[in-house]
Amino acid sequence: MSIDPTLLDDLEWRGLVAHSTDRDALRAALAEGSVRYYVGFDPTAPSLHMGNLLQIVTAMRLQRAGHTPFVLVGGSTGMIGDPRDSGERTLNTLETVAEWVERIRRQVEPFLSFEGQNAATMVNNLDWTAGVSAIDFLRDIGKHFPVNRMLARDVVRNRLEDGISYTEFSYILLQSMDYLHLHREHGVSLQLGGSDQWGNITGGVELVRRADGERVHAFVTPLVTRADGTKYGKTEGGALWLDPEMLSPYAFYQFWLNVEDEKVGELLRLFTFLDRARIEELEAAHAEKPFLRAGQKALAEEMTTLVHGADETARIQAASAALFGGGDMGELSPDTLGAALRETGVLRVESAGGLPSVVDLLVETGLAKSRGDARRTVGEGGAYLNNVRVEDPDRVPGADDLLGGTWLVLRKGKKSFKGVEVV
RNA sequence: GGCAGAUUGCCCGAGCGGCCAAUGGGAGCGGACUGUAAAUCCGUCGGCUUUUGCCUUCGAAGGUUCGAAUCCUUCAUCUGCCA
């Protein structure tokens, strides 16, 4: 496989390199041949999310440019947990970690190629840490870590006031040991990650230098934030999960479609595989007619296709067009409507014995979290049945409300839809 | 081990015997304006009812009192100071 010499320029243009070890050295290494690189994911949840996705697409770019990926799933590091500002983590049980390791491994696999000259390799750091004795660990790894330097790290310093356990304090040693191991066993010489990992990653770079006298490379992608600087990736109730069980593909698509104008160009560059010309074209179109949201549409389509596939994306686009078309719901064919609603989630109710009231339906579909909340929503004018505002919370839909004889379209606010299928 | 202080709703933080479901800010939710954007403004923001009603909440368990988030006891956790 030939090496793409423009890789680093492209990464930098996209804004994917927030920090790196010596750029000239990195550039030289990437030009020389297929670099073996690694990116790690800790099983801190049953699914990866938007932040991890940035590492995934970056890893994909490197592989497409001819370099050789090693994907590390943190079977051991996930048992420890890296320190974060919000405070000490609660340790997950070993069974939980093991299960999440497996789920994440399966989740990452489709994004990389495991065939060809630069085939990807999946590794689990539990394989080389489980058997290390405490004495060996302290002598071989710990000796290379000056505590004064460890204390100076931002995460640690921020935690000194509130307290940090020795467990989390030691996390950097484990992750650094991974780099050393992969370097020794597989010739890995580049690590990438998120910018919050920079400290842990440089720890590994230094360990390789101190232990083996070898120079290895690293770079990290930026932290993606909203236009106002706050954390991204939060949708209703949770993170932007990649697992369709945890976040429906429809909601995933809607997230990207609703990205702020100011962030569209940045996100297109960071996350999509669209080329520079195409992205600049979209940015120009967006600048001229922002209300058409050409950038958001492209972004949502690219990301949803990447994560959930082209077929699912097409269905979601059709559903979005139907639901947000603003027209009379009765104009839609029952098939189209049913297909659209199935993307948003459907509640099936029996018609025998009469239908539930609008308040009950709001609760049962999950649009409202309690009956009080549902009543409040109706009172605030935020409840709609078949795109018509509902005034009376106790209103009970009748037979003539059923679209195509079976469907009710329940909406809360501007963009939360649920279908009700009456059988 | 001793002394002192802390623990409040999703988060941060007031309250320090009744007027407390509990001030304020943030997040969330709804409305208006728009473009299924941002900003702004308004409303809302424990549960059940739908109302000048009831229930469950202020680290946990007991107690004092007509009445406690507010006082007392014990326990747990955290922080600081002294050993």
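We name chains A, B, ... by the order of the sequence lines, and we start the count at 1 in each one. Please read these numbers as outputs of a predicted model, since none were measured by experiment.
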Task: Paired and unpaired positions of RNA chain B as dot-bracket, Watson-Crick or G-U wobble under 3.5 Å, | denoting a partner strand - done: ((((((((.[[[..)..(.....]]].(((((.......))))).(((....)))...[[[[[..)....]]]]]))))))).
Open item on the list: Say we look at B/U36 and B/G30: how far apart would their P atoms be, to the nearest angstrom?
Closed with: 15 Å
Task: Distance in Å, A/Leu190 CG paired with A/Thr21 OG1, rounded so as to fall on 0.5 Å steps - done: 7.5 Å
- [ ] Could you check how far CG of A/Leu367 sits from C1' of B/G30, rounded to whole Å?
- [x] 13 Å
Between protein and nucleic acid, restricted to nucleotides 39-41 of chain B and to nitrogen or oxygen atoms under 3.5 Å apart, what atom pairs and distances do you find?
none

Open item on the list: Say we look at B/U77 and B/C29: how far apart would their C1' atoms be, to the nearest angstrom?
Closed with: 34 Å
Using a cutoff of under 3.5 Å, can you pull out all pairs of nitrogen or oxygen atoms linking the protein to nucleotides 33-37 of chain B, with atom names and distances?
unit_1	atom_1	unit_2	atom_2	d
B/C33	N4	A/Lys414	NZ	3.2
B/U34	O4	A/Lys414	NZ	2.7
B/G35	O6	A/Asp261	OD2	2.9
B/G35	N1	A/Asp261	OD1	3.2
B/G35	N1	A/Asp261	OD2	2.7
B/G35	N2	A/Asp261	OD1	2.9
B/U36	O2'	A/Asn258	OD1	2.3
B/U36	O2	A/Gln254	OE1	2.7
B/U36	O2	A/Asn258	ND2	3.4
B/U36	N3	A/Gln254	OE1	2.9
B/A37	OP1	A/Lys415	NZ	2.7
B/A37	OP2	A/Lys414	NZ	3.3
B/A37	N3	A/Asp261	OD2	3.3

Mind listing the side-chain donor-acceptor pairs of residues 342-351 of chain A below 3.5 Å, one per line with the distance, residues two or more places apart or on another chain?
unit_1	atom_1	unit_2	atom_2	d
A/Thr344	OG1	A/Leu341	O	2.8
A/Arg348	NH1	A/Glu421	OE1	3.1
A/Ser351	OG	A/Val423	O	3.3

- [ ] Decide if atom CZ of A/Arg23 counts as having more than 12 heavy atoms of other residues, nucleotides or ligands within a radius under 6.0 Å.
- [x] yes
Open item on the list: Tell me if the side-chain of A/Glu380 makes a donor-acceptor pair with the base of B/G43, cut-off 3.5 Å, by modelled atom types.
Closed with: yes
Task: CG-CG distance between A/Asp400 and A/Asn386, expressed to the nearest 0.5 angstrom - done: 10.0 Å
Open item on the list: If I compare all heavy atoms of A/Arg375 with all of A/Pro393, which pair ends up nearest, and what's the gap?
Closed with: NH1-CG, 3.8 Å
Task: A/Arg389 side chain near B/A32 phosphate (N/O to OP1/OP2, under 4.0 Å) - done: yes
Task: Nearest-angstrom distance, C1' atom, B/U65 to B/C12 - done: 33 Å
- [ ] With C1' as the reference atom in both, quote the distance from B/U23 to B/A4 in angstrom, rounded to an integer.
- [x] 29 Å
Task: Working for salt bridge (charged side-chain N to carboxylate O under 4.0 Å, His left out), residues A/Glu364 and A/Lys418 - done: CA-CA 10 Å; A/Glu364 285 174 38; A/Lys418 288 286 179 190; over 6 Å; no
Show the distances under 3.5 angstrom between N or O atoms of the protein and N or O atoms of nucleotides 46-53 of chain B.
unit_1	atom_1	unit_2	atom_2	d
B/G47	OP1	A/Ser370	OG	2.9
B/C48	OP1	A/Arg371	N	2.8
B/C48	OP2	A/Ser370	OG	3.4
B/C48	OP2	A/Gly372	N	2.9
B/U49	OP1	A/Arg371	NH1	2.8
B/U49	OP2	A/Arg371	NH1	2.8
B/U50	OP2	A/Arg375	NH2	3.2
B/U50	O4	A/Arg375	NE	3.3

Task: Nearest heavy-atom neighbours spanning A/Gly78 and A/Val97 - done: O-CG2, 3.9 Å
TODO: Classify the angle between the aromatic ring planes of A/His67 and A/Tyr37 as parallel (below 30°), tilted (30 to 60°) or perpendicular (above 60°).
DONE: perpendicular
Task: Aromatic plane relationship, A/Trp256 with A/Phe252 - under 30° parallel, 30 to 60° tilted, over 60° perpendicular - done: perpendicular
Open item on the list: Distance check, C1' atoms only: B/C58 and B/A69, in whole angstrom units.
Closed with: 5 Å
May I have the list of side-chain donor-acceptor pairs in residues 404-414 of chain A shorter than 3.5 Å, sequence neighbours left out?
unit_1	atom_1	unit_2	atom_2	d
A/Arg411	NE	A/Asn387	OD1	3.2
A/Arg411	NH1	A/Gly413	O	3.0
A/Arg411	NH2	A/Asn387	OD1	3.4
A/Lys412	NZ	A/Leu367	O	3.4

Task: Nearest-0.5 Å distance, CH2 of residue A/Trp100 to CG of residue A/Asp42 - done: 11.5 Å
Task: B/C20 versus B/G53 - spacing of their P atoms, nearest Å - done: 14 Å
TODO: Would you kindly give the NZ-to-P distance between A/Lys412 and B/U44, to the nearest whole Å?
DONE: 16 Å
Open item on the list: Ignoring hydrogens, what is the shortest heavy-atom contact between A/Tyr179 and A/His217? Give both atom names and the distance.
Closed with: OH-O, 2.6 Å
TODO: Take atom C1' in B/C75 and the same atom in B/G24, then report the distance between them in whole Å.
DONE: 33 Å
Task: A/Ser416 OG to A/Gln254 CD distance, which is reported to the nearest 0.5 Å - done: 9.5 Å
Task: Spacing of CE belonging to A/Met150 relative to OG belonging to A/Ser170, to within rounding of 0.5 Å - done: 6.0 Å
Task: Pairwise C1' distance for B/C11 and B/A27, with rounding to whole Å - done: 7 Å
